[in-house]
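Contents: one structure, followed by commentary.
A note on names: the letters A, B, ... follow the listed sequences, proteins ahead of strands, and every chain is numbered from 1.
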Number of protein chains: 2
Amino acid sequence: MRIGEIAETAGTTAKTLRFYEDQGLLPPAERTPAGYREYTSETVARIDFIHRGQAAGLTLMQIRQILDIRDRGQAPCGHVRDLLDARLTEIEQQLAQLTALRDTIADLRDQAAEPEPESCNPDQVCRYL
Amino acid sequence: MRIGEIAETAGTTAKTLRFYEDQGLLPPAERTPAGYREYTSETVARIDFIHRGQAAGLTLMQIRQILDIRDRGQAPCGHVRDLLDARLTEIEQQLAQLTALRDTIADLRDQAAEPEPESCNPDQVCRYL
DNA sequence: CTTGACCTTCCCCTGTACTGGAAGGTCCAG
DNA sequence: CTGGACCTTCCAGTACAGGGGAAGGTCAAG
């Protein structure tokens with residue numbers, strides 16, 4: 001399969017696959033005599049894995065680490081668990097921050113609900129912020 | 001006041017203030033004969049406003065829009081309200097996505113809690129992801 | 001033989017909010 | 001008059017995950 005075909009099958013673009021190869025997420029592809037990249041369906045599974053990793057909020061570099069462990073013949077389960085743990089902690093923090101931000105903005109917005117521009121103080125930019 | 005002094009007063013850096021000027025958030029500063037930027041305390045208030053905008057999750061470009069409206073002599077209240085509304089909607093969406101992601105990852109993590117590497121399938125990267 | 005679809009490498013661009021550093025000018029104390 | 005602290009401009013880079021487009025090679029159909 002050529003790069004455009006496998007890209008479509010895996011739901012991505014040729015450009016992205018070259019980028020993944022460049023970043024070490026995909027091994028250097030086999031080449032036809034003309035220099036075209038040639039893939040097997042195994043690669044589709046690898047791209048799917050990358051997509052699942054992204055869906056779990058992992059960065060490409062973290063996914064690459066998992067794949068590297070796997071490619072060395074080891075079981076990445078422990079590393080995956082650690083990454084998921086770390087991700088979970090990060091997300092909890094983000095949720096807390098975002099919730100606090102939402103409350104702050106909701107308050108500000110309520111104050112700005114009925115604007116009275118005539119009472120604007122020329123010395124400040126906006127009394128609502 | 002020179003740039004380093006006002007930066008410290010406002011809790012930022014000289015570098016950042018030059019950046020803000022470049023981005024149009026601060027008007028071009030007056031200059032001493034030697035070419036040094038010279039500020040008044042009004043600028044501190046403007047920088048504080050920028051910081052409040054950032055604390056509300058607005059981007060510098062959005063804050064710049066508010067300041068532009070204000071600098072044209074108009075009351076930015078309506079625009080501020082719209083921005084806060086939009087921000088609120090965005091945050092609600094982010095919260096929903098993040099909550100869903102947290103649940104997904106929590107499930108994955110639980111499955112990976114007690115790894116059994118010996119049952120790893122060589123055909124897949126990691127059965128936990 | 002040519003057209004069009006596909007492929008190759010290459011480099012730059014996107015958005016966000018800065019930060020680092022080089023090369024040089026200015027100001028004040030000692 | 002020299003040292004150090006400050007200032008100036010400009011260029012480049014950070015993290016993230018690609019996207020845009022140029023210049024050129026390849027392949028199958030008509």
Side-chain angles (χ1 to χ4, degrees), chain A residues 1-26 28-39 43 46-67 83 86-87 90-91 94 97-98 101, chain B residues 1-26 28-39 43 46-67 83 86-87 90-91 94 97-98 101:
Chain A
M1 297 161 79
R2 287 187 308 182
I3 196 168
E5 196 183 349
I6 203 166
E8 192 173 8
T9 304
T12 184
T13 67
K15 204 98 185 178
T16 298
L17 295 186
R18 292 191 201 100
F19 173 72
Y20 285 173
E21 181 177 320
D22 189 55
Q23 298 297 304
L25 286 131
L26 297 179
E30 299 294 312
R31 301 293 183 125
T32 68
Y36 285 18
R37 287 178 180 78
E38 188 65 32
Y39 296 93
T43 304
R46 197 174 174 105
I47 299 167
D48 284 346
F49 178 80
I50 295 172
H51 286 163
R52 284 198 301 281
Q54 286 191 301
L58 300 180
T59 68
L60 290 184
M61 284 311 100
Q62 290 172 327
I63 296 169
R64 196 185 95 151
Q65 286 173 17
I66 299 172
L67 289 168
L83 285 174
R87 239 348 245 142
E90 279 173 26
I91 290 177
Q94 286 177 30
Q97 285 175 11
L98 218 48
L101 183 56
Chain B
M1 297 160 79
R2 287 187 308 181
I3 196 167
E5 196 184 348
I6 203 166
E8 191 172 10
T9 304
T12 182
T13 67
K15 205 98 185 177
T16 297
L17 294 186
R18 290 191 202 99
F19 173 72
Y20 284 173
E21 181 177 320
D22 190 55
Q23 299 296 304
L25 286 132
L26 297 179
E30 299 294 311
R31 299 294 182 125
T32 67
Y36 285 17
R37 286 178 181 78
E38 188 64 33
Y39 296 93
T43 304
R46 197 173 174 104
I47 298 167
D48 285 346
F49 178 79
I50 295 171
H51 286 163
R52 286 197 300 282
Q54 286 191 302
L58 300 181
T59 67
L60 290 185
M61 284 311 100
Q62 290 173 327
I63 297 168
R64 196 185 96 150
Q65 285 173 18
I66 299 173
L67 290 167
L83 285 173
R87 224 14 228 133
E90 278 174 27
I91 289 177
Q94 286 178 31
Q97 284 175 12
L98 218 48
L101 184 55

When the distance from [atom1] of [X] to [atom2] of [N] is rounded to whole Å, what number comes out?
X	N	atom1	atom2	result
A:F19	C:dC10	CZ	P	16 Å
B:D22	D:dC11	CG	P	12 Å
A:I3	C:dA5	CD1	P	19 Å
B:L17	D:dC7	CG	P	10 Å
B:E21	C:dA17	CD	P	18 Å
B:L25	C:dC18	CG	C1'	12 Å
B:R87	C:dT16	CZ	P	12 Å
B:E8	D:dA5	CD	C1'	14 Å

Can you tell which of D:dA17, D:dC7, C:dA17 lies closest to the side chain of B:Y36?
D:dC7
Closest to side chain of B:K15, choosing from C:dC18, C:dC27, C:dG20:
C:dG20
Check: A:Y20 side chain, D:dG18 base, donor-acceptor under 3.5 Å:
no
Keeping the roles fixed (side chain from A:E38, backbone from A:M1), state whether a donor-acceptor pair exists under 3.5 Å.
yes
Which pair of heavy atoms, one from A:I50 and one from A:I63, lies closest together, and at what distance?
O-CD1, 3.5 Å
Give one of base, sugar-phosphate or nothing for [X], where a contact means two heavy atoms less than 4.0 Å apart.
X	value
B:Q54	sugar-phosphate
A:R18	base
B:T32	nothing

Is the phosphate of [N] approached by [X] (side-chain N or O, under 4.0 Å from OP1 or OP2)?
X	N	answer
B:R37	D:dT8	yes
A:T16	D:dG19	yes
B:T13	C:dT19	yes
A:R31	D:dT26	no
A:R2	D:dA28	no

Mind checking the CG-CZ spacing from B:L101 to A:R87? Nearest 0.5 Å is all I need.
5.5 Å
Would you give the length of the straight line joining atom CG of A:L83 to atom CD of A:E90, rounded to the nearest 0.5 angstrom?
9.5 Å
Closest-nucleotide mapping onto DNA chain C: is A:E38 or B:L60 further toward the 5' terminus? I mean the 5' end.
A:E38
In terms of the nearest nucleotide of DNA chain D, which residue is placed more toward the 5' end: B:E5 or A:T59?
B:E5
Let me check something: any side-chain donor-acceptor pairs from residues 3-13 of chain A under 3.5 Å, sequence neighbours excluded? List them with distances.
| from | atom 1 | to | atom 2 | distance (Å) |
| --- | --- | --- | --- | --- |
| A:T9 | OG1 | A:E5 | O | 2.9 |
| A:T13 | OG1 | A:T16 | N | 3.1 |
| A:T13 | OG1 | A:T16 | OG1 | 2.8 |

In terms of side-chain geometry, is the basic nitrogen of A:E21 or A:R18 positioned less than 4.0 Å from the acidic oxygen of its partner?
no
